[in-house]
Novice: 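To start, I am sharing the structure in question, which I have written as structure tokens.
Keep in mind that this is a model prediction, so the values were computed, not measured. Here, residue 1 is the first one in the sequence, and each next residue gets the next number.
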Amino acid sequence: MNGFLKDLRFGLRQLVAKPGFAAAAILTLALGIGANTAVFSALNGYLLKPLPYPDAERLVAVNESVPVVGEPYAGVSIASYTDVKQGTPAFSISALYEREGRNFTLDGRTRRITTLKTRSSLFDVLQAK
């Protein structure tokens, strides 16, 4: 413990003796901690935080891909959906939805919003009322 206190006093004396270096070091630490916090907050909100539904770990999204035209997530056709629904007993319940972008105008301001077209079975899958 004695060696730690000596090192701490020496470090403080050096910071006081060279205020420009101290300011640069503190600014660098502050920027690094701030950037790290911002990145973690974004990742936590999008990737790490569980979905707000019961049994969220059991939800699965199924997509088709068309590599010939460069579409890794091309959605699912209705024929494929019915094949998967009938041929996969592991899915206890399923729903089909389509994501679309639409223009929404309110008070003269237009905004682009994302909407979903779905059937009521999506609410059963998500266990939502």
Side-chain angles (χ1 to χ4, degrees):
M1 189 68 175
N2 193 19
F4 173 73
L5 291 175
K6 284 183 181 180
D7 288 342
L8 185 63
R9 280 193 300 258
F10 176 74
L12 288 174
R13 278 196 313 263
Q14 292 298 317
L15 288 177
V16 170
K18 299 177 183 171
F21 174 75
I26 291 170
L27 182 65
T28 302
L29 282 172
L31 287 174
I33 292 170
N36 190 24
T37 302
V39 168
F40 176 76
S41 296
L43 287 177
N44 185 43
Y46 292 115
L47 298 177
L48 303 175
K49 191 170 144 185
L51 295 172
Y53 307 111
D55 299 327
E57 68 278 357
R58 298 185 62 199
L59 293 176
V60 177
V62 178
N63 289 301
E64 292 179 343
S65 65
V66 186
V68 175
V69 294
E71 282 291 334
Y73 302 105
V76 176
S77 67
I78 293 177
S80 295
Y81 170 73
T82 52
D83 287 346
V84 168
K85 185 176 177 180
Q86 293 171 354
T88 310
F91 294 149
S92 59
I93 189 170
S94 62
L96 189 63
Y97 68 89
E98 180 181 0
R99 184 182 327 220
E100 293 181 339
R102 298 196 182 261
N103 293 329
F104 179 73
T105 304
L106 179 65
D107 296 331
R109 294 176 50 195
T110 302
R111 293 192 177 176
R112 187 82 171 161
I113 60 171
T114 302
T115 60
L116 290 180
K117 279 197 312 191
T118 185
R119 295 187 177 251
S120 61
S121 60
L122 181 64
F123 296 108
D124 296 333
V125 168
L126 300 177
Q127 299 178 22
K129 294 181 181 180

Novice: Using side chain to side chain contact (heavy atoms under 4.5 Å, CB included) as the criterion, point out the one residue from Val60, Leu59, Asp55 that pairs with Val125.
Specialist: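 For Val125, the side chain to side chain contact (heavy atoms under 4.5 Å, CB included) check succeeds only for Leu59.
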Novice: Taking distance alone, no hydrogens or angles, what donor-acceptor pairs closer than 3.5 Å link side-chain atoms of residues 99-108 to residues at least two apart or in another chain?
Specialist:
unit_1, atom_1, unit_2, atom_2, d
Glu100, OE1, Arg102, NE, 3.4
Glu100, OE1, Arg102, NH2, 2.5
Glu100, OE2, Lys117, NZ, 3.4
Asn103, OD1, Arg112, NH1, 3.2
Thr105, OG1, Thr110, OG1, 3.1

Novice: Report the distance from atom OG1 of Thr115 to atom OH of Tyr97, rounding to the nearest 0.5 Å.
Specialist: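 Answer for the OG1-OH pair, Thr115 versus Tyr97, is 12.5 Å.
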Novice: Give a yes or no on whether Tyr53 and Ile93 share a hydrophobic cluster (residues Ile, Leu, Val, Met, Phe, Trp, Tyr; joining criterion: side-chain heavy atoms under 4.5 Å apart).
Specialist: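 Result: yes, single cluster for both.
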Novice: Among Ile, Leu, Val, Met, Phe, Trp and Tyr joined by side-chain contacts under 4.5 Å, find the other residues sharing a cluster with Phe10 and list them by chain and number.
Specialist: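 Via sub-4.5 Å side-chain contacts, Phe10 links to none.
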Novice: For residues 19-39, which side-chain donor-acceptor pairs fall under 3.5 Å, sequence neighbours excluded?
Specialist:
unit_1, atom_1, unit_2, atom_2, d
Thr28, OG1, Ala24, O, 2.7
Thr37, OG1, Ile33, O, 2.8

Novice: Applying side-chain contact (heavy atoms from CB on, under 4.5 Å), can you list everything that pairs with Arg9, at least two apart in sequence or on another chain?
Specialist: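 side-chain contact (heavy atoms from CB on, under 4.5 Å) check on Arg9 returns Leu5, Lys6, Arg13.
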Novice: Restricting to pairs with a member in residues 27-49, which pass salt bridge (Lys or Arg N to Asp or Glu O under 4.0 Å), not counting sequence neighbours?
Specialist: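 Applying salt bridge (Lys or Arg N to Asp or Glu O under 4.0 Å) to every pair that reaches into residues 27-49, excluding sequence neighbours, yields nothing.
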Novice: Any side chain to side chain donor-acceptor pair (under 3.5 Å) involving residues 74-87? Give me the pairs, sequence neighbours left out, ordered by first then second residue.
Specialist: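 Listed by first then second residue: Glu64-Ser80, Ser77-Ser80, Tyr81-Ser94.
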Novice: Looking only at heavy atoms, what is the nearest atom pair of Val76 and Asn63, with distance?
Specialist: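 So the two residues come closest at CG2-CA, 3.8 Å.
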Novice: Taking all non-hydrogen atoms of both residues into account, name the closest pair between Leu126 and Pro54 and its distance.
Specialist: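 Residues Leu126 and Pro54, closest heavy atoms: O-CD, 3.8 Å.
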Novice: Listed by chain and number, what are the side-chain contact (heavy atoms from CB on, under 4.5 Å) partners of Ile78, not counting sequence neighbours?
Specialist: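 In terms of side-chain contact (heavy atoms from CB on, under 4.5 Å), with neighbours along the sequence ignored, Ile78 is linked to Leu96.
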Novice: Considering only Ile, Leu, Val, Met, Phe, Trp and Tyr, and joining two whenever side-chain heavy atoms are under 4.5 Å apart, list the other residues clustered with Phe123.
Specialist: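 The other cluster members (ILVMFWY side chains, heavy atoms under 4.5 Å, direct or chained): none.
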